[in-house]
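Here the structure is a predicted model, which means the values were calculated and not measured.
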Amino acid sequence: MPKTKPASGKSAAVSSVQGAYDFSDQVGHLLRRAYQRHTALFQQIIPDTQLTAAQFVVLCAVEASGACSLSYIVKQTAIDQATVRGIIDRLKSRHLLAVRHDESDRRKVLVSLTPAGNRLVESTVPFAFEITEKTFTGFNPAERTALLYLLNKMCSSDLPE
C-alpha cells in the first residue's frame, strides 16, 4: 500500500500486511529520529570536529569516576564493550585517555583522563548544555520535565523477558 497523507497532513506509511501499523508512530522510530536530531546538533555545535557524542560520553564517565575499568565505562554509558574499546583506542591515540593495568590485578585495565582529556571535557561541557537546550527547543518546562522523567523511567525498567 503506498504512503498516504491523512487529514492531519502527516505522512503515514501503512503496511498492507499489518493493517493499520504505521512505523512512523512507533516509539523506536520516534526515539531514533529524536536521537538523530540530537546527534546532528552535537556535530554542528561541538567545536572539536573529531569528537563524537559517544566519545564525549566516555570522556565524561571517566572524568566523573577518575581511573575506572572498561566494565564500569560500559555500565555507565550503555555502550557495548567492543565499541567502548574502539572509542578508548581512538581517544588514547589523541592523548585524551591513558590506559594502564591495575597494580592489584594485572588483568584489569584502568582508564583515566590525561590533562588534555580533562581540558577537553571542561571546554566542551558548556557546548553540551547548549546542545541540550537546542534539543528541547519548543518544549515548555513541564514538557521537558515530563520527557526526562519518562525517558529515565523507560531506561531504568527491566527489559522484557
Pair Arg32-Gln26, side-chain contact (heavy atoms from CB on, under 4.5 Å): steps then yes or no: CA-CA 10 Å; Arg32 185 174 42 261; Gln26 304 308 308; over 6 Å; no
Stepwise side-chain contact (heavy atoms from CB on, under 4.5 Å) check, Leu151 with Leu31: CA-CA 10 Å; Leu151 289 171; Leu31 287 170; 3.8 Å; yes
Leu41-Tyr35 co-clustered via ILVMFWY side chain contacts under 4.5 Å: no
All side-chain contact (heavy atoms from CB on, under 4.5 Å) counterparts of His101, not counting sequence neighbours: Arg106, Val109
Within-4.5 Å side-chain heavy-atom neighbours: Arg144 and Glu133: yes
Tyr149: hydrophobic cluster co-members (side-chain, 4.5 Å): Leu150
Donor-acceptor under 3.5 Å (Glu143 side chain, Asn140 main chain): yes
ring-ring contact (aromatic ring centres under 6.0 Å, His included) involving Tyr72 - partner list, sequence neighbours excluded: none
Phe23 to His29 - nearest heavy-atom pair and separation: O-CB, 3.2 Å
For the student: nearest non-hydrogen atoms of Leu110 and Ala67, plus distance: CB-CB, 4.4 Å
From CA spacing to verdict: side chain to side chain donor-acceptor pair (under 3.5 Å), His95, Thr114: CA-CA 7 Å; His95 307 287; Thr114 64; over 6 Å; no
CZ (Arg33) with more than 12 external heavy atoms under 6.0 Å: no
Same apolar cluster (I L V M F W Y, side chains within < 4.5 Å links), Leu97/Leu70: yes
Listing, residues 74-82 side-chain donor-acceptor contacts under 3.5 Å, not counting sequence neighbours, or none:
{"residue": "Thr77", "atom": "OG1", "partner": "Ile73", "partner atom": "O", "Å": "2.7"}
{"residue": "Thr77", "atom": "OG1", "partner": "Ile79", "partner atom": "N", "Å": "3.3"}
{"residue": "Asp80", "atom": "OD1", "partner": "Ala82", "partner atom": "N", "Å": "3.3"}
{"residue": "Asp80", "atom": "OD1", "partner": "Thr83", "partner atom": "N", "Å": "3.0"}
{"residue": "Asp80", "atom": "OD1", "partner": "Thr83", "partner atom": "OG1", "Å": "3.0"}
{"residue": "Asp80", "atom": "OD2", "partner": "Thr83", "partner atom": "OG1", "Å": "2.9"}

Just distance, no hydrogens or angles: give the donor-acceptor pairs under 3.5 Å from side chains in residues 118-130, sequence neighbours left out.
{"residue": "Ser123", "atom": "OG", "partner": "Arg119", "partner atom": "O", "Å": "3.2"}
{"residue": "Ser123", "atom": "OG", "partner": "Leu120", "partner atom": "O", "Å": "3.1"}
{"residue": "Thr124", "atom": "OG1", "partner": "Leu120", "partner atom": "O", "Å": "2.6"}

Atom pair CZ (Arg90) and CZ (Arg85), whose distance is rounded to the nearest 0.5 Å: 13.5 Å
Distance (rounded to the nearest 0.5 Å) between Glu103 CD and Lys108 NZ: 12.5 Å
Solution key, residues 44-60 side-chain donor-acceptor pairs under 3.5 Å, sequence neighbours excluded:
{"residue": "Asp48", "atom": "OD1", "partner": "Gln50", "partner atom": "N", "Å": "2.9"}
{"residue": "Asp48", "atom": "OD1", "partner": "Leu51", "partner atom": "N", "Å": "3.3"}
{"residue": "Asp48", "atom": "OD1", "partner": "Arg94", "partner atom": "NH2", "Å": "3.3"}
{"residue": "Asp48", "atom": "OD2", "partner": "Arg94", "partner atom": "NH2", "Å": "2.5"}
{"residue": "Gln50", "atom": "OE1", "partner": "Arg94", "partner atom": "NE", "Å": "3.2"}
{"residue": "Thr52", "atom": "OG1", "partner": "Gln55", "partner atom": "N", "Å": "3.1"}
{"residue": "Gln55", "atom": "OE1", "partner": "Thr52", "partner atom": "N", "Å": "3.1"}

